[in-house]
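Here the structure comes first, spelled out in structure tokens, and everything after it is commentary.
Convention: sequence-line order gives letters A, B, ...; per-chain numbering from 1.
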Number of protein chains: 2
Amino acid sequence: MPELTTNRLSVYLRCLDEVAGQGVRTISSTGLAQRLDLNAAQIRKDLAHFGEFGVRGVGYAVEDLRQHLRAILGLDRRHRVVIVGAGNLGLALADYGGFRSDGFDIVALVDSAPEKIGTRSRGGVPVGDAAELASLVTRERLDIAVIAVPPAAAQQVVDQLVKAGISAILTFSPAPVRVPEHVRVRRVDLSVQLEGLSYFLASERDEANATR
Amino acid sequence: MPELTTNRLSVYLRCLDEVAGQGVRTISSTGLAQRLDLNAAQIRKDLAHFGEFGVRGVGYAVEDLRQHLRAILGLDRRHRVVIVGAGNLGLALADYGGFRSDGFDIVALVDSAPEKIGTRSRGGVPVGDAAELASLVTRERLDIAVIAVPPAAAQQVVDQLVKAGISAILTFSPAPVRVPEHVRVRRVDLSVQLEGLSYFLASERDEANATR
DNA sequence: CTCTGTGAACCACTTCACAGCA
DNA sequence: TGCTGTGAAGTGGTTCACAGAG
């Protein structure tokens with residue numbers, strides 16, 4: 001399934017959560033499309049990949065579709081997450097409450113710096129020793145690793161995780177990372193995002209100069 | 001220019017920075033492609049959109065291409081950034097040193113909660129009053145706003161920023177946000193990324209069950 | 001002979017448009 | 001009639017393959 005499709009499923013689910021809270025029982029693809037600023041056909045097609053959830057002439061039952069999407073996205077069970085790297089970002093993610101409610105439990109936070117091991121985040125999450133990462137993965141049956149270490153250390157951390165059996169990784173490190181086929185990596189690259197905005201500002205400026 | 005292309009330009013630049021540090025003077029599209037795990041033709045095409053930077057039979061001069069990319073991405077001047085929202089994420093971003101070196105200066109950090117205003121981040125960045133956001137934007141000639149507020153507050157913050165003349169926004173808020181044509185928004189949605197990984201784990205599990 | 005720059009072919013995702021069901 | 005599900009058409013981005021420069 002294309003990554004773009006699964007990304008949208010998350011977005012649909014969040015929107016459904018919201019309208020469910022407002023007491024809406026039924027919603028059409030057009031209704032969703034308007035709220036999300038998307039094409040209605042795309043929403044129908046995305047959903048149709050997974051079954052026939054709608055009722056012709058009516059739309060989708062909000063509660064029913066929510067349950068389907070939660071199951072499709074694997075949110076009908078909780079996930080156990082380890083954060084590697086207790087720098088600014090790692091600490092912030094550890095304390096960020098938004099994940100818990102979505103079914104992601106931050107089970108561990110580790111770092112390799114001796115002066116950090118044994119300390120706690122603002123929110124009280126203890127920092128463990130990154131040297132024990134491999135045993136932690138198996139012992140705690142971890143599902144997902146979040147990597148928030150400096151680029152130079154990223155590949156080494158990934159190798160450890162993969163060897164220990166992790167198959168889903170979210171990395172904030174810009175370093176390109178090699179993994180075997182069966183491991184899925186998603187990357188969030190803040191510099192790329194900021195530089196994309198910088199490009200936009202620069203190209204606007206150039207245009208303004210050109211037409212002057 | 002497609003967003004995917006500009007994203008890759010950032011990636012190319014980072015790779016060039018790295019190889020330049022290793023003393024490499026010249027690199028071919030194939031060489032870059034191998035390091036980045038991309039198609040060489042795509043790299044050539046991306047670069048060719050902006051000029052003829054290469055030498056046939058030789059490749060690209062690393063230092064020359066770096067300067068070109070920095071100019072194209074608008075990194076030949078510094079950007080002034082405000083972070084809105086002094087929660088876990090906002091504070092972490094304010095203290096994150098990686099931006100500074102890339103040409104992005106965190107000029108201000110604001111929040112609307114009275115108990116936060118006047119405090120400082122771990123790294124010493126003072127938290128200002130979000131009520132003064134509009135005047136801050138003009139007075140400090142801010143370029144880019146980073147939004148790290150709860151979803152419910154996002155649209156209101158964006159409206160203020162747009163009215164004050166901001167034209168580039170990076171939001172961590174999952175809420176869909178409406179802006180005028182001339183404003184560029186980039187979204188980083190952590191839940192979508194985690195749920196994408198969750199989908200992958202779930203689909204693997206289903207496959208395993210099916211073939212059993 | 002090597003490697004760029006690029007038209008042409010290819011592929012994937014999106015949108016349209018409509019048949020079909022409630 | 002209203003809205004889903006879906007083949008067909010459209011769009012945009014990627015990869016191929018080669019002409020041409022050094």
Distance below 4.0 Å between B/Tyr60 side-chain N/O and C/dT2 OP1 or OP2: no
Could you please name the option among C/dC13, C/dA17, C/dG20 that lies closest to any side-chain atom of A/Arg44? C/dA17
Under a 3.5 Å threshold, yes or no: a donor from one side chain and an acceptor from the other, between A/Ser29 and A/Arg44? yes
Among A/Arg80, A/Arg78, A/Arg141, A/Arg77, whose salt bridge (Lys or Arg N to Asp or Glu O under 4.0 Å) with A/Asp105 holds? A/Arg78
With under 30° as parallel and over 60° as perpendicular, where do the rings of A/His79 and A/Phe104 fit, or are they tilted in between? parallel
In whole Å, what is the span from the CD atom of A/Glu52 to the P atom of D/dG5? 6 Å
Going through the distances and angles, do B/Asp102 and B/Arg14 end up as a salt bridge (charged side-chain N to carboxylate O under 4.0 Å, His left out)? CA-CA 10 Å; B/Asp102 277 353; B/Arg14 189 152 41 211; 5.4 Å; no
From the list A/Gln156, A/Lys163, A/Gln155, side chain to side chain donor-acceptor pair (under 3.5 Å) partner of A/Asp159 resolves to A/Gln155
When you check the phosphate oxygens OP1 and OP2 of D/dT14, does a side-chain N or O of B/Arg8 lie under 4.0 Å from one of them? yes
Taking CG from B/Leu4 and C1' from D/dT11, how many angstroms apart are they, rounded to a whole number? 14 Å
Can you tell me how far C1' of D/dT15 sits from CG of B/Asp46, to the nearest Å? 12 Å
Gap between atoms NE2 and P, on B/His68 and C/dG5 respectively (whole Å): 11 Å
Distance check needed: C/dC3 P versus B/Leu47 CG, whole Å only. 16 Å
Hey, is B/Arg8 close enough to B/Asp46 for a salt bridge, meaning N to O under 4.0 Å? yes
Identify, residue by residue, the members of residues 9-43 of chain A with a heavy atom below 4.0 Å from DNA chain D, and return them in order of residue number, or none. A/Ser28, A/Ser29
Pair B/Glu18 + B/Arg35, salt bridge at N-O below 4.0 Å: no
Which nucleotide wins on minimum distance to the side chain of A/Ala48, given the candidates D/dG5, C/dG5, C/dC13? D/dG5
Residue closer to the 5' end of DNA chain C, A/Val55 versus A/Lys45 (nearest nucleotide): A/Lys45
Taking CZ from B/Arg56 and P from C/dT4, how many angstroms apart are they, rounded to a whole number? 10 Å
Starting from C1' on C/dC3, measure out to CZ on B/Phe53 and report it in whole angstrom. 17 Å
